[in-house]
Amino acid sequence: MRGELRIHLGAAPGVGKTFAMLGEAHRRVGRGADVVVGVVETHGRERTAGLLEGLEVVPRRTVAHGGTELHEMDVDAVLVRRPQVALVDELAHTNAPGSRHAKRWQDVEELLDAGIDVISTVNVQHLESLGDVVETITGARQQETVPDDVVRRAEQIEIVDITPEALRRRLAHGNVYPPERVDAALAHYFRVPNLVALRELALLWIADEVDVVLRRYRTEQQVSDVWETRERVVVALTGGRESETVLRRAARIAKRSGGADLMAVHVLRGDGLVPGRAGAPVVAADRVRRMAEGVGASFHTVVGESVDDALLDFARGANATQLVLGTSRRSRLARVFDPGIGARVVQESGPIDVHMVTHSAAGRALRLPRLRSGLPAGRQAAGWATAVLAPAAATLVGIALTDWVDLSTDVVLYFLATVLAALAGGLGPALLAALLGGLLLNFFLSPPLYSFAIANPGNVITVATMLLVGVLVALVVDRAARRAEQAARARAEAALLASFARTVLTRSDPLPRLLDRVRETWALQSVALLEQGEDRVWRRVACTGDAGACDRPEKADVDVVVDEGLHLVGTGRALPAADRRLLEVVGGQALLALRGQRAEAGAADAERRAAANETRGALLSAVGHDLRSPLTSIKAAASSLRDEHLPLGPDDRAELLATVEESADRLTGLVDNLLDSSRLAAGAVTPLLAPVGYDEVAATALLGLEGAARVRVEIDEDLPDVLADAGLLDRVLANVVDNALRHGGTEVVLRASAYSDRVELRVVDRGRGVAPRERDALFAAFQRLGDRDATSGLGLGLSVAQGLTVVMGGELTAEDTPGGGLTVVVSLPAAPVGVAR
């Protein structure tokens, strides 16, 4: 008998999965179960390791790989021991090369096949189906995954949950990772938005699994009753004018029901038409789909000859609790003969609540079917001719063959004439042929001859049957013609839209060409895109054809609203409603083209403004505070030294000379930064990349730095080297640390940690920090000078540091220091293993 699998599922490392698994093991041991530990990863967590006491641990096997010894679960030893329950941590783990199985979950499958129950753990980010989603959220691709089916086959899945804030506190207290990894983890993977998103993924995944189990049980047990486990609202849409009203009402019902699931259903007959709406095109489903998506409803199309049966079957299958319908558009007189879909649904709904929504089209007078034919005019003319000539020909044949055929043969000839007229011209010619044939049959071939008197009542039945046959055949022909017309139109519209879309996507300046294509397609005199400004005056954004005719929407023959204050207009002729709907789509493409054009223009303008601002900032900096201050100090000290009447002792002279030297150093540093900034702007900085250690560069960067005694270096010498230019990196660290010393409080700490394929150096201060909205300006060039904010005391140094870091392929960012202050992060790629310095 196969063993049972129990999985503890968590949103992220550190939520307590392994702790919960060990707690379950102790409970089972207390109940007398035989439990062993196949493999448990404590990751150095003392409280987790403490729970291993009292449990039998199967020794791991050692695998040598690349000069390193790896320790993996000994599957054979567990199979020989054959316990009732085995603890196997980290289900998604990849085994060392040379192992029997590539993945640990495959080891678990072997234990289960041997009849051993297994308790395991897995994080939601390791589920194979969520790999892309997790990478989008966290920016890190998970290399170790487990197929979703393996987890779904578990007899029990228990979610281990903790709030993001509590997890971050647990991480900050050192209960998850060692101290050197805490800063990088908090700044990257364990950010609050990431944890909230991962938590939601875990809860939604487990909720979906519960829903799957419930549906499977209902199917296996053939349960058709509605179980109100949660509110689900189904709304029936026909695609008619009332659909929008009904859908909005259903959306409000779903919202008031606590955010219930909203499902929109569009019922089609087997032939693709909406029941009760003969001739309604299938493309109506696209309109209904867009409406449903607009209110956040899922859209479903079901096929069925009976609308009420199809709706109720869908609602029961979806375990819906509420069903929303529009009231019937049929009149009271029509409902006397047929109560309608709504009445039948209410009668058969059972425990499903049914809402009937009134609308402007409800209960209108009885409407006769439209007799307009879908056939072309030429074919209709041929049909009318056939309706006259075919019965006449049947009469001549009947008279000529009077001695050889009887009345039944004459009736068949008139039936044939009616069918020919229906096939040729549709309903109108068919009715004419049937009536004319009946009169001719009664006058020329039916006794008494040459009289319209009806001696045989059967002739009335014959004429009525001919009429019925003609109507039925004509309806089939007319429907087929309409469907063919709709299909041809749909193909033409699809080709047009594809052509317009290609114009927008492939042209560098698509708007003029798009309008020109619209003018050619619909044979218009002129086409323009008009925009209304704040002064309420219409202006032409683009125009093709007669420009003088395109100035105001009210003067145009065609006016399509593209967006608020933006109209697509045309002159020359009015267009039918179907073409206007197509123009609405083209208007949307024109809006996209216009926005793209303006975005490009805005980007170019922004680049020009940025260049101008850089130039202006450089000019301001030349006469700004950072130049005047050291020059003033040098001037004052030199003047004092040269003043013969000023009594100065040796200490005073030494202090003034130190002031001169310090101010000269400040001036030299500023000039160096100015030169570096100019070189960066000109793209003249070429780094010589080589492996270098943060600890070595930090030591050289602090030499000669004022206040270096207040800097505490906590950089592990065993960290990987980074790929950087040692000289440029020295300048980066010197500028960043100098900024922290001047504005970051009494002490500055340097810490480094490795994350993925990068190594990060953090310059941590305990100053007043920088507000999030000011972060973008933190690294702006000459931020302290001219008309920019100078309260934060940040100048050219960080701008140069960021530029040099980017040149080396790294990033320079800022984040809050936990507890207050600012942390500047220097992130550079790790040097490849084996590359010599």
Taking C-beta and beyond as the side chain, do [X] and [Y] meet within less than 4.5 Å on heavy atoms?
X: Leu594; Y: Leu566; result: yes
X: Val527; Y: Leu568; result: yes
X: Ile253; Y: Arg248; result: no
X: Ile399; Y: Val397; result: no
X: Leu529; Y: Arg540; result: no

Exercise: identify the closest heavy-atom pair between [X] and [Y]:
X: Ala292; Y: Ala264; value: CB-CB, 3.8 Å
X: Leu432; Y: Ala387; value: CD2-CB, 3.9 Å
X: Gly570; Y: Leu524; value: CA-CD1, 4.3 Å
X: Pro391; Y: Ala417; value: N-CB, 3.8 Å

Review point. Atom CD in Gln532, atom CG in Asp563: separation rounded to 0.5 Å?
Key: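 Between Gln532 CD and Asp563 CG, I get 12.5 Å after rounding to 0.5 Å.
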Review point. Say you draw a straight line from CZ of Arg232 to CG of Asp261; how long is it, rounded to the nearest 0.5 Å?
Key: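 One finds 5.5 Å between CZ of Arg232 and CG of Asp261.
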Check your understanding: Name the one of Leu262, Leu247, Val235, Val354 that satisfies side-chain contact (heavy atoms from CB on, under 4.5 Å) with Val324?
Key ->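 For Val324, the side-chain contact (heavy atoms from CB on, under 4.5 Å) check succeeds only for Val235.
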Review point. Looking at Asp353, Val234, Val265, which hits side-chain contact (heavy atoms from CB on, under 4.5 Å) with Leu323?
Key: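 The single option meeting the side-chain contact (heavy atoms from CB on, under 4.5 Å) with Leu323 is Val234.
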Check your understanding: Is there a donor-acceptor contact under 3.5 Å from the side chain of Asp148 to the main chain of Ser129?
Key ->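 Checking the backbone N and O of Ser129 against the side chain of Asp148, a donor-acceptor pair under 3.5 Å is found.
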Review point. Just by distance, do the side chain of His567 and the backbone of Leu530 share a donor-acceptor pair under 3.5 Å?
Key: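 Such a contact is absent between His567 side chain and Leu530 backbone.
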Exercise for review: For atom CZ of Arg513, decide whether the heavy atoms of other residues, nucleotides or ligands shown that lie under 6.0 angstrom number more than 12.
Suggested key: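 Yes, enclosed.
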**Study point:** Verdict with supporting geometry, Leu325 and Val357, side-chain contact (heavy atoms from CB on, under 4.5 Å)
**Key:** CA-CA 6 Å; Leu325 301 168; Val357 179; over 6 Å; no
Check your understanding: Passes side-chain contact (heavy atoms from CB on, under 4.5 Å), His355 versus Arg249? Steps please.
Key -> CA-CA 10 Å; His355 303 265; Arg249 179 60 177 162; over 6 Å; no
Check your understanding: Are Glu348 and Arg344 ion-paired here, with the side-chain N under 4.0 Å from a carboxylate O?
Key ->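 So Glu348 does not pair with Arg344 through a salt bridge.
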